[in-house]
Amino acid sequence: MFLAARRVVEDAVESALDALDLPADDLGIEEPPEDVDAILASSVAFRLAGEVGAAPPEVAADLAAEIDPADYEYVGDVTTQGPYLNFLPSNAYFGATLEAAQDDEYGRLDPKDVSVAVEHTSANPTGPVHVGRARNPIIGDALANVLDFAGYDVDRHYYVNDAGRQMAVFTWAYERFDEDELPEPERNRAEYDMVRYYRRGNTVLEDAPEDEVEQAEAEIQSIMQGLEDGDEATYDRVSEVVDTVLGGMQECLARLPADFDDFVKETRFMRDGSTDDLVDRLEDLEEAVYDDEAWQLELDDHGIEKNLVFLRSDGTSLYATRDLAHHEWKFENYDRAVTVLGEDHKLQAEQVRTTLELLGRDTERLDQVLYSYVNLPEGKMSTRDGTGIDLDDLLDEAIDRAREEVEDRLDGRLRNDNLDDADVERIAHQVGIGAVRYDIVSKQPAKAITFEWDRALDFEAQSAPYVQYVHARACGILGEAREAGHDVPDAGDLDADRLDVPEARRLLATIARFPAVIEGAAEDQHPHVVATYTREFADAFNAFYRECPVLDADADKRDERLALVAAARHTVGNALGVLGVAAPESM
RNA sequence: GGGCGUGUGGCCUAGCGGACAGGGCGAGAGGUUCCUAACCUCUCGAUCCCGGGUUCGAAUCCCGGCACGCCCGCCA
């Protein structure tokens, strides 16, 4: 409703300006502060004061006089507060919101018929996912959810770097060492099992006698050459390692949950010839130079000082070359592409964008979302060195702490719904993992995070459980109403006028904003604004909960309050769903 | 050295041109015969990094500093 109201208000301001013969290039539409009753406001009067030769409040009053609320369905009244033009919602606005939010898909926007590939995580398949990388799947998955909910056709991609030296080293190490010369795996899962070979391999390459290293390097070289030549046997050897490790990593990511529609392998673009084809076209570009026996792109005219080498002196391609072929593939198969990347890939991201532009691609269709790295207080995390905290360990710890919390609260519990062990376990998972996710997704990606256990696993206010609790409470009310024989009335039978308590109105007004929040989050690729919204929503719901009894309400108010709770449940449930945080029915 | 990003009460964070800078943590005081107290109410606490500028209006835009982070491989 808010989206519709905003259009209506824009119309109203525009025609008022028109009627007074004033320019309408900037309508100054904004959302007023919380303590103002209006749902929308305009500050045009400031800008027009000079032109009209009158003080802003006077201009605002003149404009207000030009607008007849009766002409606009969702506008109840237009008032001024000093220089501001305030638009108050009509009863129809509340009625339409209450009705629309009875739909359990409330907030989902109309299909846009636009396909988008969201690529995220894409961590090299070298071992367990660590916390340093956890921001990527969490932001990426939430972003994919946002876009899906906003009406896009979303495919979730994990780009697999299976062609580099790292994988050649891994393959050599896997074939070279025996299980019994390795330490016990930290966890009984594929990537923990496999990473032992990788770490051993790297240790040997660093510390072993020269001739042993030489021998190893020869083998690693031959694997890389095999991949470059498209040798099937080599490809199969590497694939075995890649697929095994990736399978384990996938299980870890699924815990978040973060699932993928497609694992797009880098070698695919070597094998299908698209990288070679791309190299030919790159060589034809004006910016291409053959320098030091390697083909490169001079991008300094495009604001990038660093040359981009796209063909080595030995004639082989680089990661960057294949990634360009990969991006061209996305451009051919999708209307839009979104990539979630760590800030350490920023330069590469700019090179990709610029080069695609040179190749004649419309880079407006590509969005690159960058986030800052998660560091430990003591420094960086690294898979190769085995430093850092595994994402699995973080999630386990989160669940353990949440379980403890649930058990502690069990005694003092007011509600007698007798949670059993399975409930405790379910809640521990929902709250524990939800808290980790919410903590990460609610922050602006650009800000650097230093990981601290206590901060990441704080279940107090402004965290996932605070919002989850609202959902559980709404479910509780609806459940008890059903048991008492009070069903939520049909959407068409509601009269929002009966929600006359300010707290109920404010909750409804908050519900009304949800689709606009989704739209904004999708447009800007900012999933964190959904998290901010859930917090405001929880405040509004808690105030309503405090002031408005539902089950014991007078008969003439109960139906609408029940419907409001149902609407609230859909809204907060869907918002949490978009964030990828579980919405418990009880906790 | 260059490029990009970040800098908001003791700590974390929202806001990113408009109405007194919102929250949370923390500290203190209260609230449960009533739909879950993982909640609510009240109090304490801010030179919005510093200095200039643009504007009727700047945390927000511009310029110059400072601090921190990331990047600057024929690695991925």
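Naming convention: chains lettered A, B, ... in sequence-line order (proteins, then strands); numbering from 1 in each chain.
Separating the CG atom of A:Leu507 from the P atom of B:C35 is a distance of 19 Å, rounded to the nearest angstrom. The interatomic distance linking A:Tyr533 (OH) with B:G22 (C1') rounds to 17 Å, in whole Å. The CZ atom of A:Phe310 sits 15 Å away from the P atom of B:C75 (whole-angstrom rounding). When the P atom of B:C12 is taken as reference, atom OH of A:Tyr438 falls 19 Å away, rounded to whole Å. One can place CZ of A:Arg535 at 12 Å from C1' of B:G15, the figure rounded to the nearest angstrom. Between the P atom of B:C75 and the CG atom of A:Leu347 lies a distance of 15 Å, rounded to the nearest Å. Separating the CG atom of A:Asp552 from the C1' atom of B:C35 is a distance of 7 Å, rounded to the nearest angstrom. Protein atom CG of A:Leu85 is 16 Å distant from nucleotide atom P of B:A19, rounded to whole Å.
A:Leu414 comes within 4.0 angstrom of a base, heavy atoms only. Among the heavy atoms of the strands, none lies under 4.0 Å from A:Met167. Residue contacts for A:Cys548: at a heavy-atom cut-off of 4.0 Å it reaches a base atom on one of the strands shown. Residue-level contact check: A:Val406 touches the bases, meaning some heavy atom is under 4.0 Å from a base atom. Residue A:Glu30 is in base contact, counting any heavy-atom pair closer than 4.0 Å across all strands shown. Residue contacts shown for A:Ala472 include a base, since a base heavy atom lies under 4.0 Å away. Using a 4.0 Å heavy-atom distance criterion, A:Pro32 is classed as a base contact. Here A:Asp417 lies out of heavy-atom contact (under 4.0 Å) with every strand. Note on A:Ala49: nothing from the nucleic acid sits closer than 4.0 angstrom, heavy atoms only. Nucleic acid contact for A:Val550: base, since at least one base atom lies under 4.0 Å from a heavy atom of the residue. Among the protein residues, A:Ile427 comes within range of the nucleic acid bases, having at least one heavy atom under 4.0 Å from a base atom. Note on A:Ser586: a base of the nucleic acid sits closer than 4.0 angstrom, heavy atoms only. Within the nucleic acid shown, A:Ala41 comes within 4.0 Å of at least one base atom, counting heavy atoms only.
Taking 4.0 angstrom as the limit, A:Arg312 places a side-chain polar atom (N or O) nearer than this to OP1 or OP2 of B:A76. Neither OP1 nor OP2 of B:C16 sits under 4.0 Å from any side-chain N or O of A:His526. Phosphate contact (OP1/OP2 of B:A76, side-chain N/O of A:Tyr319, threshold under 4.0 Å): absent. For the OP1/OP2 pair of B:C40 and a distance below 4.0 Å, the side-chain nitrogens and oxygens of A:Asn542 include at least one atom meeting the criterion. Under 4.0 angstrom from either OP1 or OP2 of B:U55 there lies no side-chain N or O belonging to A:Arg47. Side-chain N/O atoms of A:Arg165 include none lying less than 4.0 angstrom from OP1 or OP2 on B:C75. In this structure, A:Arg413 does not reach the B:A37 phosphate: none of its side-chain N or O atoms is under 4.0 Å from OP1 or OP2.
Although no hydrogens or angles enter the test, the distance criterion places no donor-acceptor pair under 3.5 Å between the side chain of A:Tyr545 and the main chain of A:Ala540. Although no hydrogens or angles enter the test, the distance criterion places no donor-acceptor pair under 3.5 Å between the side chain of A:Thr355 and the main chain of A:Val352. The backbone N or O of A:Tyr159 sits less than 3.5 Å from a side-chain atom of A:Ser122, completing a donor-acceptor pair. Looking at A:Thr321, its side chain does come within 3.5 Å of a backbone N or O of A:Leu318 through a donor-acceptor pair.
Taking the six-membered ring for Trp and the full ring otherwise, the centers of A:His120 and A:Tyr158 sit at least 6.0 Å from each other.
The C1' atoms of B:U41 and B:G23 are separated by 16 Å, rounded to the nearest whole Å.
Distance from the side chain of A:Pro33 is smallest for B:A19 among the nucleotides B:G22, B:A76, B:A19. Listed nucleotides: B:A37, B:A76, B:A19. Nearest to the side chain of A:Asn86: B:A19. In this structure, of B:A38, B:U41, B:A14, it is B:A14 that holds the atom nearest to the side chain of A:His528. For A:Asp344, counting side-chain heavy atoms from C-beta on, the closest listed nucleotide (B:C39, B:C70, B:C40) is B:C70. Closest to the side chain of A:Gln462, out of B:C39, B:A19, B:G24, is B:G24.
Comparing A:Glu536 and A:Glu31 against RNA chain B, the residue whose closest nucleotide sits nearer the 5' end is A:Glu536. Comparing A:Gln348 and A:Pro549 by the nucleotide of RNA chain B whose heavy atom lies nearest to each, the residue mapping closer to the 5' end is A:Pro549.
With respect to A:Pro527, the side-chain contact (heavy atoms from CB on, under 4.5 Å) criterion is satisfied by exactly one of A:Val578, A:Val146, A:Val369: A:Val146.
Checking B:C70 for Watson-Crick or G-U wobble geometry (two distances, each under 3.5 Å) identifies B:G3 as its partner. A 3.5 Å limit on both hydrogen-bonding distances identifies B:G53 as the Watson-Crick or G-U partner of B:C61. Across all strands shown, the partner of B:C42 is B:G28, judged by Watson-Crick or G-U wobble contacts whose two distances both fall under 3.5 Å. Nucleotide B:U33 is matched to nothing when pairs are restricted to Watson-Crick or G-U wobble geometry with both distances under 3.5 angstrom.
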side-chain hydrogen bond (donor to acceptor under 3.5 Å, both in side chains) evaluation trace for A:Arg322 with A:Ser317: CA-CA 7 Å; A:Arg322 292 168 229 131; A:Ser317 63; 3.3 Å; yes
Working note: A:Glu293 + A:Arg312, criterion salt bridge (Lys or Arg N to Asp or Glu O under 4.0 Å); need CA distance, chi angles, decisive distance, verdict. CA-CA 8 Å; A:Glu293 299 187 334; A:Arg312 277 188 272 245; over 6 Å; no
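Checked by atom type, the side-chain pair A:Asp229/A:Gln225 shows a donor-acceptor distance below 3.5 Å.
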Once base and sugar-phosphate atoms are separated, protein heavy atoms under 4.0 Å mark nucleotides 2-8 of chain B, 5' to 3', with B, S and - as --SSSSB
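Residue side chain A:Asp458 does not reach the base of B:C25 through any donor-acceptor N/O pair under 3.5 Å, judged by distance alone.
A cation-pi contact, defined as under 6.0 Å to the ring centre and within 45° of the axis, is absent between A:Arg535 and A:Tyr466.
Ring-plane geometry between A:Phe541 and A:Phe537 is classed as parallel, the angle between the planes falling under 30 degrees on a 0 to 90 degree scale with a further cut at 60.
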